[in-house]
Amino acid sequence: MGTFDTILVDLQDLGCRIYTFITTLLYVLEAAAEHGRSVWVLDRPNPAGRPIEGLTLRPGWESFVGAGPIPMRHGLTLGELGKWFVDHFKLDVDYRVIEMHGWNPDDAPGFGWPSERIWINPSPNAANLNMARAYAGTVMLEGATLSEGRGTTRPLELFGAPDLEPRRIIAEMERLAPEWLRGCKLREVTFQPTFHKHIGEMCRGLFIHAEGPLYDHQEFRPWRLQALAFKAIRRLQPDYDLWRDFPYEYVFDKLAIDVINGSPLLREWVDDPNAAPADLDALTLPDEQAWTEERKPYLVY
């Protein structure tokens, strides 16, 4: 910290709370405040756009994948989120956003990602725009025993396991909450991971297409879609070993699925045989509505 006056933050975020770039920005801001340094964010598009979705992280559940009380899909750019960090955590820091020009997150076909802009992976498993759109849901697979496609060419766009029955899962999802499946197309797939979970095994599962004419930016809800897939599996196979029990992102005393969601609420909803989709909405909609209001002062574009 003693070797510079200003640090430039040039990172491509994915618009999801769990993506550790935003937590890194918070840590940089806290350190800069302590040492009297300046932080400039060279702002970039949020490829997931402005939609908001997911439960707000609860107090005491902060982690490297949970920087603060924000929902899974926050709908801000990294620069805008930094402004919120400064105010929320009351940081006395010299902070500046080098703003983009001409970013219109509501414009088709990119809805956040300018169609003329080349995609360069911000991390190894973030291979394309479809992944960025699905990520707020598929990231929860990191806390499950199901493969999220690591070890394939399309990670975090699909999920599966050797013992799943995809057609039954889709049918159960459509029975439980067809409105949560809007804005995308689910396709039955088979895949064989070359590393990570279920290595070398033939897995059966679903691919999420949030792209092309199949995609509806306002209707697509990846967090609910993935939650519904978990719920369908639990309904079809009540004893299925669904949740991974291992240290996740430096957290050793909590289940990974709970760390990812910032509370046990999502897992408890999945595992409760009496809980319906409306019950998850009852928990989540107030969080989403509150964040819609809270973020308004920080919208630059």
Side-chain angles (χ1 to χ4, degrees), residues 4-33 37-54 67-68 70-89 91-136 183 210-213 215-220 222 288 291-301:
F4 64 87
D5 298 310
T6 302
I7 184 167
L8 305 181
V9 179
D10 185 19
L11 294 171
Q12 178 58 61
D13 184 36
L14 290 182
C16 182
R17 181 186 67 217
I18 197 172
Y19 207 54
T20 56
F21 291 3
I22 70 172
T23 314
T24 299
L25 173 61
L26 173 61
Y27 294 170
V28 167
L29 288 169
E30 290 174 334
R37 300 293 182 257
S38 299
V39 178
W40 293 11
V41 169
L42 312 181
D43 215 6
R44 289 171 172 262
N46 177 342
R50 290 300 196 195
I52 292 168
E53 191 185 18
I70 61 178
M72 188 68 88
R73 266 204 301 178
H74 52 72
L76 296 174
T77 69
L78 195 66
E80 292 170 336
L81 197 54
K83 290 176 178 285
W84 182 82
F85 282 148
V86 170
D87 284 356
H88 179 78
F89 292 101
L91 301 176
D92 182 12
V93 61
D94 179 30
Y95 178 70
R96 178 178 172 185
V97 178
I98 309 303
E99 298 178 7
M100 296 178 282
H101 296 281
W103 186 58
N104 300 302
D106 295 325
D107 286 359
F111 298 105
W113 188 256
S115 57
E116 71 279 5
R117 191 177 180 91
I118 294 171
W119 183 274
I120 299 173
N121 292 24
S123 53
N125 290 293
N128 53 50
L129 180 57
N130 191 62
M131 175 272 177
R133 288 172 174 169
Y135 183 57
E211 53 194 344
Y215 180 61
D216 187 313
H217 187 59
Q218 300 305 322
E219 293 282 357
F220 181 54
E288 295 166 340
W291 181 251
T292 299
E293 294 303 312
E294 186 169 350
R295 77 169 185 178
K296 281 182 179 179
Y298 305 98
L299 297 175
V300 175
Y301 311 96

Measure across [X] and [Y] and return the closest heavy-atom pair with its distance rounded to 0.1 Å.
X      : Y      : answer
Val93  : Ala32  : CG2-CB, 3.8 Å
Leu14  : Ala132 : CD2-CB, 4.0 Å
Pro47  : Asp13  : CD-O, 3.3 Å
Gln12  : Pro122 : O-CB, 3.4 Å
Met100 : Arg44  : SD-C, 3.3 Å
Asp43  : Leu78  : OD1-N, 3.6 Å

Exercise. So, Tyr298 versus Asp87: side-chain donor-acceptor pair below 3.5 Å or not?
Worked result: yes
Exercise. Without hydrogens or angle criteria, can the side chains of Tyr95 and Ser38 be said to hold a donor-acceptor pair below 3.5 Å?
Worked result: no
Note, [X] side chain near [Y] side chain (heavy atom, < 4.5 Å):
X      : Y      : result
Leu29  : Val86  : yes
Pro114 : Pro45  : yes
Glu53  : His74  : no
Glu211 : Leu129 : no

Problem set entry | Validation row, ring centre Trp84 to ring centre Trp291 under 6.0 Å | yes
Is it the case that the side chain of [X] and the backbone of [Y] share a donor-acceptor pair, with hydrogens and angles ignored and the cut-off at 3.5 Å?
X      : Y      : value
Arg37  : Phe4   : yes
Arg73  : Ala136 : no
Asn128 : Met131 : yes
Arg96  : Val39  : no

For this session: Is it possible for you to check whether Arg133 lies under 6.0 Å from the centre of the six-membered ring of Phe220, through NZ or CZ, and within 45° of that ring's axis?
Result: no
Measuring from [X]:[atom1] to [Y]:[atom2], what's the distance to the nearest 0.5 Å?
X      : Y      : atom1 : atom2 : answer
Trp119 : Asn130 : CH2   : CG    : 10.0 Å
Glu80  : Glu99  : CD    : CD    : 8.5 Å
Cys16  : Met72  : SG    : CE    : 5.0 Å
Ile52  : Ile70  : CD1   : CD1   : 10.5 Å
Thr20  : Leu25  : OG1   : CG    : 11.5 Å
Asn46  : Tyr301 : CG    : OH    : 11.0 Å

Exercise. Parallel, tilted or perpendicular: which fits the ring planes of His217 and Phe111, with parallel below 30° and perpendicular above 60°?
Worked result: parallel
For this session: Over 60° means perpendicular and under 30° means parallel, so classify the ring planes of Phe89 and Phe85, tilted if in between.
Result: tilted
For this session: Test Phe21 against every option in Leu81, Val9, Leu11 by the side chain to side chain contact (heavy atoms under 4.5 Å, CB included) rule and name the one that passes.
Result: Leu11
